[in-house]
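By convention here, the first residue in the shown sequence is residue 1.
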Amino acid sequence: EVQLQASGGGLVQAGGSLRLSCTASGVTGDDYAIGWFRQAPGKEREGVSCIRSSDGTTYYADSVKGRFTISSDNAKKTVYLQMNSLKPEDTAVYYCATKIWVGARGTFYPSLPGQFDFWGQGTQVTVSS
């Protein structure tokens, strides 16, 4: 079974920083992506960031560009999301998810939850004003 565990959430004041971690287990291939999504109460899940294991290609939502940085340690199967200059609107449960490719690849949309195969349980991020 593929399992993802997100951690690192907490309570922080506006302008502060947090670093989230996502550790994957059971991923046997080398071609996969790990993405971060967030969901606030009463709102739909939205894509935040994503990184591709094979080439390090990254994606950021417009709302977090310049503030968040995604990175990976492929040996540890761990992805990090450094979140700086946090805003109250960043408050949400943050989930990590993975997309695994075997063989041919089509167009990949890292902002879409439906693109991903496995999900972790999420970690709460709360930013106070």
> Can you tell me if Ser17 and Asn84 form a side-chain donor-acceptor pair at under 3.5 Å?
Replying inline: yes
>> Using the rule that Ile, Leu, Val, Met, Phe, Trp and Tyr join whenever any side-chain heavy atoms are under 4.5 Å apart, tell me whether Trp101 and Val79 fall into a single cluster.
In response: no
> So which heavy atom on Pro88 is nearest to which on Ala14, and how close?
Replying inline: CD-CB, 4.1 Å
> Where do Leu81 and Thr69 land on the side chain to side chain contact (heavy atoms under 4.5 Å, CB included) test, with the steps shown first?
Replying inline: CA-CA 6 Å; Leu81 185 67; Thr69 302; over 6 Å; no
>> Cation-pi check for Tyr95 against Arg45: NZ or CZ below 6.0 Å from the six-membered ring centre and within 45 degrees of the axis, yes or no?
In response: yes
> Between atom OG of Ser7 and atom CD of Gln121, what is the distance when rounded to the nearest 0.5 Å?
Replying inline: 13.0 Å
>> Taking the six-membered ring for Trp, are Phe68 and Trp36 closer than 6.0 Å centroid to centroid?
In response: no
> Which word best sums up how the rings of Phe37 and Trp119 line up, parallel for under 30°, tilted for 30 to 60°, or perpendicular for over 60°?
Replying inline: tilted
>> Both conditions, 6.0 Å and 45 degrees, for the charged tip of Arg19 above the ring of Tyr80: are they met here?
In response: yes
>> If I compare all heavy atoms of Gly9 with all of Val125, which pair ends up nearest, and what's the gap?
In response: CA-CG2, 4.1 Å
>> Is it the case that atom CG in Asp55 sees more than 12 heavy atoms from other parts of the structure closer than 6.0 Å?
In response: yes
> Atom CZ in Phe116, atom SG in Cys96: separation rounded to 0.5 Å?
Replying inline: 10.5 Å
> Met83 versus Leu20: any side-chain heavy-atom pair under 4.5 Å?
Replying inline: yes
> Are the side chains of Val93 and Thr123 in touch, meaning some heavy atoms are under 4.5 Å apart?
Replying inline: no
> When rounded to the nearest 0.5 angstrom, what distance separates CD in Glu89 from CZ in Arg38?
Replying inline: 8.0 Å
> Rounded to the nearest 0.5 Å, how far does NZ of Lys65 lie from OG of Ser49?
Replying inline: 10.5 Å
>> Any side-chain to backbone donor/acceptor pair from Asp31 onto Ser53? Under 3.5 Å, distance only.
In response: no
> For the atom pair SG (Cys22) and CD1 (Ile51), what is the distance rounded to the nearest 0.5 Å?
Replying inline: 11.5 Å
>> For Thr98 versus Leu4, what's the shortest heavy-atom pair and its separation?
In response: N-CD1, 3.5 Å
> Shortest non-hydrogen contact from Ala92 to Ala40?
Replying inline: CB-N, 3.8 Å
> With a cut-off of 6.0 Å (strictly less than), are more than 12 heavy atoms of other residues, nucleotides or ligands near CD of Gln3?
Replying inline: no
> So which heavy atom on Ala24 is nearest to which on Ile34, and how close?
Replying inline: CB-CD1, 4.3 Å
> Would you say Asp73's side chain and Lys76's backbone share a donor-acceptor pair under 3.5 angstrom?
Replying inline: yes
> Closest heavy-atom contact between Ile70 and Tyr60?
Replying inline: N-OH, 2.8 Å
> What do you reckon, is CD of Gln5 surrounded by more than 12 foreign heavy atoms closer than 6.0 Å?
Replying inline: no
>> When you measure from the side chain of Asp117 to the backbone of Ile100, do you find a donor-acceptor pair of N or O atoms at a distance under 3.5 Å?
In response: yes
> Between Tyr59 and Phe108, is the ring centre distance below 6.0 Å?
Replying inline: no
>> Just so I know, are the side chains of Gln39 and Glu46 near enough to count as touching, which here means a heavy-atom distance under 4.5 Å?
In response: no
>> Does this structure show an ion pair linking Lys87 with Asp90, if we count only N-O contacts that are shorter than 4.0 Å?
In response: no
>> Can a side-chain donor-acceptor contact be found between Gln124 and Thr126 if the only test is distance below 3.5 angstrom?
In response: yes
> Between Thr23 and Thr78, does any side-chain donor sit less than 3.5 Å from a side-chain acceptor?
Replying inline: yes
